[in-house]
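Chain A is the first sequence line, chain B the second, and so forth, proteins listed ahead of strands; every chain is numbered from 1.
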Amino acid sequence: MSEESEKSAHFIDQIIADDLSSGKLADGLQTRFPPEPNGYLHLGHAKSICLNFGLAEKYKGRCNLRFDDTNPDKESVEYIEAIKRDIRWLGFLPNRECFASDYFEQLYSWALELIDAGKAYVCDLNAEAMRAYRGTLTEPGKPSPCRDRSPEENRALFEKMRAGEFADGEKILRAKIDMAHPNLNMRDPALYRIRRAHHHHTGDAWCIYPTYDFTHGQSDSLEHVTHSLCTLEFEDHRPLYNWFIEQLGIFPSRQIEFARLNLTYTVMSKRRLLELVEAGHVNGWDDPRMPTISGIRRRGYTPRAVRDFCETIGVTKFNSTTDIALLEHAVRNDLNRVAQRRMAVFEPLKVVLTNYPEDQEATVEAINNPEDPQAGVRAIPFTKELFIERSDFMEDAPKKFFRLAPGREVRLRYAYVIRCDEVIKDAAGEIVELRCHCDMDTLGAPPEGRKVKGVIHWVPADKSKSAEVRLFDRLFTVERPGRDKAVPFTEELNPESLKIVQAMVEPSLLQAEAGRSFQFERVGYFIADTRDSEPGAPVFNRTVPLRDSWGKQKG
RNA sequence: GGGUCCGUGGUGUAAUGGUAGCACGAGAGAUUCUGAUUCUCUUUGUUGGGGUUCGAGUCCCUACGGACCUGCCA
């Protein structure tokens with residue numbers, strides 16, 4: 001709510017605050033989030049979305065959603081719809097929805113303007129030749145043979161390009177800047193290429209398409225974007241960005257770069273994510289192991305958790321890699337407050353309460369969420385035969401094992417204290433059943449004259465149901481997949497990132513509505529999957545396990 | 001023998017020339033009908049070297065380290 005004001009402002013926030021107070025921004029702050037619709041949004045985009053929309057919110061400005069759709073070969077409406085859905089889910093509402101392709105006509109006349117001013121020319125060099133002429137990082141380039149064509153000739157040629165009189169790739173429009181510039185982006189960059197492709201937004205209206213460089217800054221300018229925030233790799237493009245604004249004499253948007261988000265144990269580039277999807281390493285863009293917005297949504301992350309996370313990581317120009325633990329903390333923190341508690345047993349071990357009446361129809365009352373009294377209580381059937389977690393029993397238990405062991409007592413969560421009297425094994429020596437004594441005086445009351453430290457979860461044997469649960473682990477086995485350029489990043493995938501198991505769940509869970517999150521007590525947070533759950537037969541995804549200081553101690 | 005940007009605990013960040021702080025993680029303890037949560041406490045840091053200054057994480061120089069740039073991708 002008001003937490004932004006407490007947190008110290010990052011460098012971009014400060015620039016904006018300064019511009020605002022110095023009266024530089026006549027119409028207030030205008031930002032934009034400019035995705036290319038060529039893939040699904042990921043956590044890196046979430047950082048940018050929170051930055052751009054967050055700043056607009058904070059300073060009562062506006063943030064546009066603009067599709068940077070200048071490359072019809074790679075873009076599609078499927079991506080556009082997914083992007084809009086993800087932004088909405090994060091809780092942001094664009095001031096306007098724009099398409100760079102809506103500016104194509106304006107861009108075209110600006111190109112003509114540069115041509116007439118002798119600042120752009122049509123070049124016949126093919127891609128390969130152009131590369132050769134460009135020079136290298138340490139050597140200057142040399143001028144194209146077409147560099148000195150007259151404005152008249154260039155105009156006629158460019159008009160023919162638009163009219164479709166040349167083949168794809170045959171000619172190109174270039175800016176005329178400086179072939180010896182140390183910044184290669186200034187060595188007569190491409191402005192327009194010929195490409196006969198169907199565009200998802202403009203259809204077949206064009207056979208020439210402007211490049212990113214010739215589109216982005218002018219689009220910002222047209223929308224009166226005051227602060228154009230982008231990632232570090234565009235730093236080298238800023239001189240070009242400014243060059244177009246100066247040559248054209250248009251609204252001066254200011255580009256400011258910040259570091260993109262990197263997270264341990266995952267990859268964060270659309271190219272790599274696309275590869276994971278296309279090669280079938282994951283089950284689609286919204287696979288819960290993916291760092292996509294749609295993936296983590298299915299995984300059970302909340303918008304609140306993602307926004308808190310983005311707040312935590314901050315905004316700087318330092319190229320860092322954030323520990324995934326920060327993300328996990330954010331989601332536990334939110335889910336702890338809002339998720340109702342339930343019980344589920346993953347590796348059932350039968351417990352028979354020898355002194356408990358045979359056919360008694362009893363229930364115990366369980367609190368739905370101790371963090372939220374409003375969440376109320378529920379009844380769980382309690383019966384003579386139960387399942388507990390196999391790992392909650394140990395035949396030779398160490399002193400610090402606060403669970404069940406021969407002769408030892410433990411509390412059944414929300415029910416009675418029981419004592420293990422007998423261990424039944426099968427022919428193979430496998431433990432198949434525990435025979436326990438139930439202290440009937442301990443329902444909602446402490447045991448007489450002794451203290452029982454351990455509390456374990458359980459489900460009634462006959463009345464619990466089996467449900468499919470998907471246990472997700474990190475997608476990669478190394479902190480920085482793809483770091484070693486010699487190893488394909490797909491070889492660093494974690495073969496155990498998905499385990500499908502059956503769990504015995506308390507009966508009420510069968511009614512779990514898809515998309516609802518729960519804490520399975522002592523285990524972790526889970527969400528009823530929105531894609532594969534059927535009415536009465538939910539499938540659960542593990543969002544994140546609970547912190548476990550005992551498991552850590554054991555190693 | 002190119003250009004641009006960046007170096008603060010293990011990780012992410014704050015300190016805007018004036019006490020190096022916060023969060024996560026890790027460790028110890030308290031509380032607990034979740035070995036969760038909560039609460040205490042502990043741990044570890046300004047890349048190196050010069051300079052300016054009463055005073056430098058902050059300004060200057062330099063070395064070192066890292067990122068990005070040679071698409072008609074964005």
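Under the side chain to side chain contact (heavy atoms under 4.5 Å, CB included) criterion, A/Pro143 pairs with A/Arg147, not counting sequence neighbours.
Between B/G45 and B/A23, the two C1' atoms lie 15 Å apart (nearest whole Å). Comparing the P positions of B/U52 and B/U13 gives an interatomic distance of 34 Å, to the nearest angstrom. Separating the C1' atom of B/U53 from that of B/G57 is a span of 15 Å, rounded to the nearest Å. Remark: the separation of the P atoms in B/G3 and B/U46 is 31 Å, to the nearest Å. Comparing the P positions of B/C22 and B/A15 gives a spacing of 15 Å, expressed to the nearest Å. Taking atom P on both B/G27 and B/U37, the two are 13 Å apart, rounded to the nearest angstrom. Only the P atoms considered, B/C59 is 35 Å distant from B/A26, to the nearest whole Å. As rounded to the nearest Å, B/C69 and B/A28 have C1' atoms that lie 50 Å from one another.
Using a 4.0 Å cut-off, no side-chain N or O of A/Arg271 falls inside it from OP1 or OP2 of B/C73. Between A/His457 and B/U34 there is no side-chain N or O to OP1 or OP2 distance below 4.0 Å. Residue A/Thr70 places at least one side-chain N or O closer than 4.0 Å to OP1 or OP2 of B/A74. For B/C24, neither phosphate oxygen OP1 nor OP2 lies less than 4.0 angstrom from any side-chain nitrogen or oxygen of A/Thr322. Contact check, A/Arg131 against B/G71: a side-chain N or O comes under 4.0 Å of OP1 or OP2. Taking only side-chain nitrogens and oxygens, A/Arg547 comes nearer than 4.0 Å to OP1 or OP2 of B/A26. Side-chain N/O atoms of A/Arg522 include one lying less than 4.0 angstrom from OP1 or OP2 on B/G35.
Within 4.0 Å of A/Ala190, counting heavy atoms only, lie sugar-phosphate atoms of the nucleic acid but no base atom. Using a 4.0 Å heavy-atom distance criterion, A/Lys270 is classed as making no nucleic acid contact. Nucleic acid contact class of A/Glu257 (heavy atoms, under 4.0 Å, all strands): none. Within 4.0 Å (heavy atoms only), A/Arg332 reaches no atom of the nucleic acid at all. Note on A/Ala415: a base of the nucleic acid sits closer than 4.0 angstrom, heavy atoms only. Residue A/Phe401 is classed as a base contact, given a heavy-atom separation below 4.0 Å to a base. At the heavy-atom level, A/Leu125 lies under 4.0 Å from base atoms of the strands shown. Residue A/Pro370 is in base contact, counting any heavy-atom pair closer than 4.0 Å across all strands shown. Across all strands shown, A/Asn38 has no heavy atoms under 4.0 Å from either base or sugar-phosphate atoms. Nucleic acid contact class of A/Gly524 (heavy atoms, under 4.0 Å, all strands): none. Among the protein residues, A/Thr264 comes within range of no part of the nucleic acid, since none of its heavy atoms lies under 4.0 Å from any strand. Within the nucleic acid shown, A/Glu36 comes within 4.0 Å of sugar-phosphate atoms alone, with no base atom in reach, counting heavy atoms only. Counting non-hydrogen atoms under 4.0 angstrom, A/Thr316 reaches the backbone sugars and phosphates but no base. Using a 4.0 Å heavy-atom distance criterion, A/His237 is classed as a base contact.
Rounded to an integer number of Å, the gap from NE2 of A/His10 to P of B/U13 is 12 Å. A/Arg411 places its CZ atom 18 Å from the C1' atom of B/A36, with the value rounded to the nearest Å.
A salt bridge links A/Arg271 and A/Glu275; the closest N-O separation between the charged side-chain nitrogens and carboxylate oxygens is under 4.0 Å. Using a cutoff of 4.0 Å between basic side-chain nitrogens and carboxylate oxygens, A/Asp308 and A/Arg304 are scored as salt-bridged. A salt bridge links A/Asp73 with A/Arg195: the distance from a Lys NZ or Arg NE/NH1/NH2 to an Asp or Glu carboxylate oxygen falls below 4.0 Å. With salt bridges taken as basic N to acidic carboxylate O contacts below 4.0 Å, one links A/Arg66 and A/Asp220. Taking a cutoff of 4.0 Å between a charged side-chain nitrogen and a carboxylate oxygen, A/Lys270 and A/Glu36 do not qualify as a salt bridge. With respect to A/Arg411 and A/Asp439, no salt bridge is recorded, no charged nitrogen being found less than 4.0 Å from a carboxylate O. Salt bridge present: A/Glu506 and A/Arg378 bring a charged side-chain N and a carboxylate O closer than 4.0 Å. Salt-bridge annotation for A/Arg413 and A/Glu521: present, with a side-chain N of the basic residue lying under 4.0 Å from a carboxylate O of the acidic one.
Ranked by how close their nearest RNA chain B nucleotide is to the 5' end, A/Val452 and A/Thr138 are led by A/Thr138. Both A/Phe234 and A/Asn185 lie close to RNA chain B; mapped to their nearest nucleotides by heavy-atom distance, the more 5′-ward contact belongs to A/Asn185.
Taking the syn range as angles within 90° of 0, the glycosidic angle of B/G71 is syn.
Side-chain contact between A/Leu509 and A/Phe520: present, with at least one pair of heavy atoms (C-beta onward) separated by less than 4.5 Å. Residues A/Leu157 and A/Tyr121 fail the side-chain proximity criterion, which asks for heavy atoms closer than 4.5 Å. Between A/Leu263 and A/Leu327 the shortest side-chain heavy-atom distance falls below 4.5 Å.
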Report, one pair per line, the protein and nucleotides 3-10 of chain B atoms (nitrogen or oxygen only) whose separation is under 3.5 Å.
residue, atom, partner, partner atom, Å
B/G3, N2, A/Asp236, OD2, 3.2

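Distance from the side chain of A/Leu546 is smallest to B/U34 among B/U34, B/C72, B/C33. Here B/C68 is the nucleotide among B/G12, B/C68, B/A14 with the atom lying nearest to any side-chain atom of A/Glu233. If you check B/G66, B/U13, B/U70 against the side chain of A/Arg483, the one that comes closest is B/G66. The A/Ser549 side chain lies nearest to B/A36 when the options are B/C72, B/A36, B/A74.
A donor-acceptor pair is defined here as one N or O able to donate and one able to accept, closer than 3.5 Å; no such pair exists between the side chain of A/Asn52 and the backbone of A/Phe33.
Ring-to-base geometry places A/Trp550 in a stacked arrangement with B/G35 (centre distance under 5.5 Å, plane angle under 30°).
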- Taking Watson-Crick and G-U wobble pairs with both distances under 3.5 Å, convert RNA chain B into its dot-bracket string, 5' to 3', dots for unpaired and | for cross-strand pairs. .((((((..((((....[..)))).(((((.......)))))....(((((..]....))))))))))).....
